[in-house]
Amino acid sequence: MAQITKETKIGELLEINMDVAPILLSIGMHCLGCPASQNESIEEAAMVHGVDADELVKTINEKLAQA
């Protein structure tokens, strides 16, 4: 089972499991394919979108645990 951290890059996360894309889309991150977003950490993305990074990581890790 893969586990991610706040430092995990969006591009790395999507390589691990594309099924987390709806979670990112739900926080308003609609440019998942943008080159800039690929190198953004989960923490940076959360900050830009006004989301608690720890909660986002928890939600993503829960989803990854189901895979």
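The residues of the chain are indexed from 1 along the displayed sequence. All values derive from a computational prediction rather than experimental measurement.
- Looking at Val20 and Leu14, their side chains come closer than 4.5 Å, going by heavy atoms from C-beta outward.
- Atom NZ of residue Lys63 and atom CD1 of residue Ile4 lie 14.0 Å apart, to the nearest 0.5 angstrom.
- Separation of atoms CD1 (Ile16) and OG1 (Thr8) is listed at 6.0 Å; rounding is to 0.5 Å.
- Going from atom OG1 of Thr5 over to atom CD of Glu12 covers 8.5 Å, rounded to the nearest 0.5 Å.
- You'll find the side chain of His30 reaches within 4.5 Å of the side chain of Leu25, heavy atoms only.
- In this structure Ser26 satisfies the side-chain contact (heavy atoms from CB on, under 4.5 Å) test with no other residue, sequence neighbours excluded.
- Here Thr59 contributes atom OG1 and Leu24 contributes atom CG; the two are 10.5 Å apart, rounded to the nearest 0.5 Å.
- Ile10 is listed as a side-chain neighbour of Met29, based on a closest heavy-atom distance under 4.5 Å.
- At a threshold of 4.5 Å between non-hydrogen side-chain atoms, the residues Asn61 and Leu64 count as touching.
- The side-chain hydrogen bond (donor to acceptor under 3.5 Å, both in side chains) analysis of residues 35-47, with sequence neighbours excluded, yields the pairs Ser41-Glu44.
- Side-chain contact check for Leu56 versus Ile23: some heavy-atom pair is nearer than 4.5 Å.
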